[in-house]
Trainee: 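Would you mind keeping the following structure in view while I ask a few things?
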Amino acid sequence: MKLDSLPVLSSVFEAGADDRIFDSLLLLGPLIIGLIIVLNRSLVTETLAIAYLGVFVVYILYRGVQ
Amino acid sequence: MNGAIATVGRDIGRILEALGGLMLVSLAVPLLWGEYYALPALLVSAIIPLGIGWLLYRRFKDAEAPSRFHGMIVAALGWFSVGLFGSLPFLLIAWSVQLGVSGFTTPAQTATLAAFTEPLNAVFESMSGFTGTGLTMTDNEEVLPRTLQWWRTFTEWVGGVGVIVLTTAILSRPGSGSLTLYESEARSEKIHPSIVSTVRTIWWIFILFTFVSILALWLAGMPIWGAINHGMTGLATGGFSITDNSIATYDSALIDFVLIPVMLLGSIAFPVHYLILRGDLRNFYSDLQTRWVFGYMSIGSALLWGFLYYAGPYGTPFAALRYGLFQFVSAATCTGFQTAVDSTNVALGRWPSYAQLTVTFGMFVGGAAGSTAGGIKLIRGLTLAKGIRYQIADVFYPETAVRRLQINGRRLNEDEASREFMEAAIIVVLWITFLVVGTFILLLTLPSGEYSLANVVFEVASAQGNVGLSSGITGPESLPTIGKIVFLFHMWIGRLEIIPVLVMLRTIFKRGGLYQ
């Protein structure tokens with residue numbers, strides 16, 4: 001079975017900016033927020049949140065200068 | 001006319017089904033927070049619109065596709081119905097706590113929650129939420145059950161994009177009918193040729209930005225429940241808060257400054273976001289509206305900073321910048337978050353009149369068309385300004401001269417320019433007319449001498465621009481019943497850009513024999 005034929009994933013992949021990085025960020029968002037709810041504020045959750053925002057901003061700039 | 005009833009009934013049915021679905025999704029919140037007493041109320045709240053929607057849809061499912069006229073009626077009636085039925089969770093949960101629910105432990109009733117036992121207060125809160133206004137009938141949001149905190153946030157988040165956009169995305173019906181409905185909800189921009197693909201991409205962008213906003217606020221120091229709620233309402237430019245003093249509760253300059261880009265994101269049109277995510281960063285300055293989002297926010301904030309520092313209540317340049325910048329962006333993006341309150345600095349209602357009027361101007365203009373923001377929209381303001389200059393300059397050209405009006409990269413001939421100028425002028429004139437009428441009614445109904453004219457104009461502009469900043473007039477006790485009804489109307493017409501509501505009212509009056 002292909003990844004993009006799964007119900008939720010196919011909707012995410014079909015819509016949006018046709019970019020797997022942004023699709024991945026969209027899918028990872030609720031998982032990271034869920035982890036923050038469970039683990040509260042810690043080095044792990046803060047690192048994950050910084051990494052998420054970092055990838056989002058840097059990737060937009062990267063696509064812009066490409 | 002029966003054909004019209006069938007078409008409208010079918011589409012209202014779909015909207016009510018979607019609303020019921022939102023309430024069913026929200027059942028997760030009382031389960032997670034252990035507020036089990038709210039479950040029966042929320043379930044009943046969901047079943048009512050679901051049942052009515054299902055009946056309407058089944059009865060009229062073979063109706064014709066909507067015309068422009070039907071689209072406007074569906075938009076006006078749909079938003080009214082959503083405001084009405086969306087009040088059920090407020091009303092039923094408040095009464096559940098008031099009367100108790102057998103088999104469940106209920107918390108003690110609070111004055112804040114008790115306000116929702118009044119149906120008008122519950123409808124006001126719901127309409128304020130769905131229209132993204134943010135004026136509230138609560139006096140302390142912190143003591144509300146988490147379920148209602150969530151429902152307020154969720155209404156603004158969904159309402160920011162639009163209930164018809166939601167309905168089209170999840171209950172898609174390809175074809176021209178969807179486009180007509182989409183356009184009647186104060187939207188015209190398309191990202192893809194298919195309207196269903198367009199609304200799904202709008203939701204894709206909105207959900208991604210929501211996660212980004214939540215994580216940014218959490219990193220800035222907001223607790224996660226606050227970050228979830230304020231991230232959602234900030235991006236939707238709604239402005240509901242879960243704290244008593246809005247964002248001022250956190251009294252954190254970092255949180256203030258993180259919220260500014262979140263609100264700005266909400267006031268930029270979705271097609272521009274799409275192009276930027278596709279790597280076309282030029283749209284930050286090549287798109288007229290986006291350029292002006294930054295331009296006029298900068299000019300307005302600088303002006304307000306000057307008023308607040310040199311002639312106003314703040315003693316340091318940084319304090320004037322912090323509160324002036326935040327409040328102007330909050331107003332002009334039509335969000336309505338408040339950091340200027342008496343408990344930490346100086347309340348908006350006690351700012352000098354000229355500072356309040358500067359903020360009012362921001363609320364009047366609003367953000368970009370095609371975004372979640374309210375107001376008359378930047379493109380109309382710019383069309384009007386350019387159109388006036390074009391008309392005046394016409395005197396200086398020979399009669400045979402062929403002239404073009406350039407707006408956002410489009411070169412319009414004389415007919416096109418006149419049409420666009422007239423459309424913008426009609427909305428602006430209607431907007432100002434209703435602002436004046438609302439101000440007049442409020443001045444008549446409020447206790448005399450308690451509020452200044454600047455306070456009243458500010459509050460009405462806030463309701464009509466779907467902003468939610470308050471000079472202190474709105475509240476369950478302070479706003480008289482007539483004022484609440486008038487504000488319900490202002491929020492409703494403001495969200496739909498007036499015309500669809502007038503079309504619906506004309507149709508009702510005409511059928512009822514009141515309008516000939």
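Hydrogens, waters and symmetry mates are skipped; everything else that's a heavy atom, side chains included, is used. Letters go in sequence order (proteins before strands), and every chain restarts at 1.
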Trainee: Please tell me if the side chains of B:Trp204 and A:Phe22 come closer than 4.5 Å, counting only heavy atoms from C-beta onward.
Mentor: yes
Trainee: Under 6.0 Å from the CZ atom of B:Phe294, do we count more than 12 heavy atoms belonging to anything else shown?
Mentor: yes
Trainee: Please find the pair of heavy atoms, one from B:Ala216 and one from A:Leu53, that lie closest to each other, and give the distance.
Mentor: CA-CD1, 3.7 Å
Trainee: Which atoms of B:Ile228 are under 4.5 Å from chain A, going by heavy atoms: the side chain, the backbone, both sets, or neither?
Mentor: side chain
Trainee: Counting heavy-atom pairs closer than 4.5 Å to chain B, which one of A:Asn40, A:Ile50, A:Leu48 comes out on top?
Mentor: A:Ile50
Trainee: Assess whether side chain to side chain contact (heavy atoms under 4.5 Å, CB included) is satisfied between A:Ile36 and B:Ile214, documenting all intermediate values.
Mentor: CA-CA 11 Å; A:Ile36 292 170; B:Ile214 291 170; over 6 Å; no
Trainee: Quick check for you: among B:Phe209, B:Trp218, B:Phe211, which has the greatest number of heavy-atom pairs under 4.5 Å with chain A?
Mentor: B:Trp218
Trainee: If you count heavy-atom pairs within less than 4.5 Å of chain B, which of A:Val57, A:Ile32, A:Thr45 leads?
Mentor: A:Thr45
Trainee: For B:Leu208, is it the side chain, the backbone, both, or neither that has a heavy atom closer than 4.5 Å to a heavy atom of chain A?
Mentor: both
Trainee: Which region of B:Ile207, side chain (C-beta onward) or backbone (N, CA, C, O), has a non-hydrogen atom less than 4.5 Å from a non-hydrogen atom of chain A, or is it both or neither?
Mentor: both
Trainee: Does a side-chain heavy-atom distance below 4.5 Å link B:Ile276 with A:Ile60?
Mentor: yes
Trainee: Please report the closest heavy-atom contact between B:Arg278 and A:Arg63, naming both atoms and the distance.
Mentor: O-NH2, 3.5 Å
Trainee: Most heavy-atom pairs under 4.5 angstrom with chain A, which of B:Val212, B:Asp280, B:Ile224, B:Thr210?
Mentor: B:Val212
Trainee: What's the separation between atom CD in A:Glu46 and atom CG in B:Leu215, rounded to the nearest 0.5 Å?
Mentor: 11.5 Å
Trainee: Which heavy atom in B:Met222 sits nearest to a heavy atom in A:Arg41, and how many Å separate them?
Mentor: O-NH2, 3.1 Å
